[in-house]
Amino acid sequence: FGDGPIVLTTSYFPADMAFLTKYDFETVSVHDSLALNGIYRRGISKEITVGFLNVKEACLLGMAEGTSTIVISSVVQDQDGRTFEYTKSCYPVPRNRFIIKINS
C-alpha cells in the first residue's frame, strides 16, 4: 500500500444547515455539531460501487487521474425522517483493502 491519504470524503448539506460553517471540524465532529443544533442521524443508507478518480479527486489524494477507487455513498436522514446529508467517499484501490468478517 502506498503512502498518502487513504480516503477523500465530501459531504453535502442543504442550505438551511449553513450553521455548520461556524464549526472547526478539526476540534469538533460533524456529529457533535449537529447534536448541538438538535439534529440527530437516525437512518443511513450506503451504496458501494467502483469508480475512477477525476482530476480534482486525484489531485487532492496525490494520485493519478483515472486511478481505480472504491466509492461509498451515504444518504442520511434525521430523527424526523428528513434527508439532510449526502456523502461520497473515495478509497483509492492502491491504498486500501477491505476485510469483511461475518460471524454466525
Side-chain angles (χ1 to χ4, degrees):
F1 295 100
D3 293 328
I6 61 169
V7 63
L8 172 64
T9 298
T10 306
S11 295
Y12 301 90
F13 295 89
D16 65 343
M17 296 181 79
F19 64 83
L20 289 171
T21 61
K22 71 180 181 180
Y23 292 96
D24 177 359
F25 294 120
E26 290 189 22
T27 60
V28 64
S29 70
V30 173
H31 175 80
D32 289 344
S33 62
L34 290 167
L36 289 169
N37 289 275
I39 299 169
Y40 303 93
R41 294 176 171 144
R42 291 291 183 247
I44 302 174
S45 62
K46 294 187 178 271
E47 177 182 44
I48 302 171
T49 58
V50 175
F52 302 95
L53 297 177
N54 64 34
V55 173
K56 183 178 180 180
E57 294 164 341
C59 181
L60 290 169
L61 288 164
M63 302 195 80
E65 177 184 1
T67 298
S68 57
T69 182
I70 296 168
V71 180
I72 301 178
S73 302
S74 303
V75 177
V76 183
Q77 290 83 34
D78 66 12
Q79 67 271 18
D80 298 321
R82 176 184 114 151
T83 298
F84 74 91
E85 179 181 3
Y86 170 77
T87 301
K88 176 185 176 187
S89 297
C90 295
Y91 296 83
V93 171
R95 294 185 183 160
N96 288 275
R97 177 177 63 175
F98 292 88
I99 299 171
I100 299 172
K101 293 184 179 185
I102 301 173
N103 297 320
S104 57

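Residues take their numbers from the sequence shown, with the count starting at 1. Values below: every heavy atom of this structure, side chains too, minus hydrogens, waters and symmetry copies.
With hydrophobic clusters built from ILVMFWY side chains whose heavy atoms lie under 4.5 angstrom apart, V30 does not share a cluster with Y86. Note on F52 and I70: separate hydrophobic clusters, where clusters join Ile, Leu, Val, Met, Phe, Trp and Tyr whose side-chain heavy atoms are under 4.5 Å apart, directly or indirectly. Connection of Y40 to L36 is not established within any shared hydrophobic cluster, with ILVMFWY side chains joined at heavy-atom distances below 4.5 Å, either directly or through further cluster members. Note on F13 and V75: separate hydrophobic clusters, where clusters join Ile, Leu, Val, Met, Phe, Trp and Tyr whose side-chain heavy atoms are under 4.5 Å apart, directly or indirectly. Taken together through direct or relayed side-chain contacts under 4.5 Å among Ile, Leu, Val, Met, Phe, Trp and Tyr, Y91 and L53 form parts of separate hydrophobic clusters.
E85 and T87 share a donor-acceptor pair across their side chains, judged by distance under 3.5 Å alone. A donor-acceptor contact closer than 3.5 angstrom links the side chains of S74 and K46.
Of all heavy-atom pairs spanning V28 and S33, the tightest one is CG2-N, 4.2 Å. Annotation for R42 and Q79: closest pair CG-CA, 3.3 Å, computed over non-hydrogen atoms. Nearest heavy-atom pair, P5 versus L60, reported as atom, atom and distance to 0.1 Å: CG-O, 4.3 Å. Taking all atoms of both residues into account, the shortest heavy-atom contact from L61 to R95 is O-NH1, 2.8 Å. For the pair P14 and R82, the tightest heavy-atom approach, listed with the atom from each and the gap, is CG-NH2, 3.5 Å. Shown here for P94 and S68, the closest heavy-atom pair between the two residues is CD-O, 4.0 Å.
To the nearest 0.5 Å, atoms CE (M63) and OG1 (T69) are separated by 8.5 Å. In this structure, CD in E65 is found 7.5 Å from CG in N54, a value given to the nearest 0.5 Å.
Of the possible polar contacts, one joining the D78 side chain to the D80 backbone as a donor-acceptor pair under 3.5 Å is found.
Residue-environment remark: CZ (F98) exceeds the threshold of 12 foreign heavy atoms within 6.0 Å.
Residues M17 and N37 have side chains not in contact (no heavy-atom distance under 4.5 Å, counting atoms from C-beta outward). Taking 4.5 Å as the limit, some side-chain heavy atom of F25 sits within range of a side-chain heavy atom of L20.
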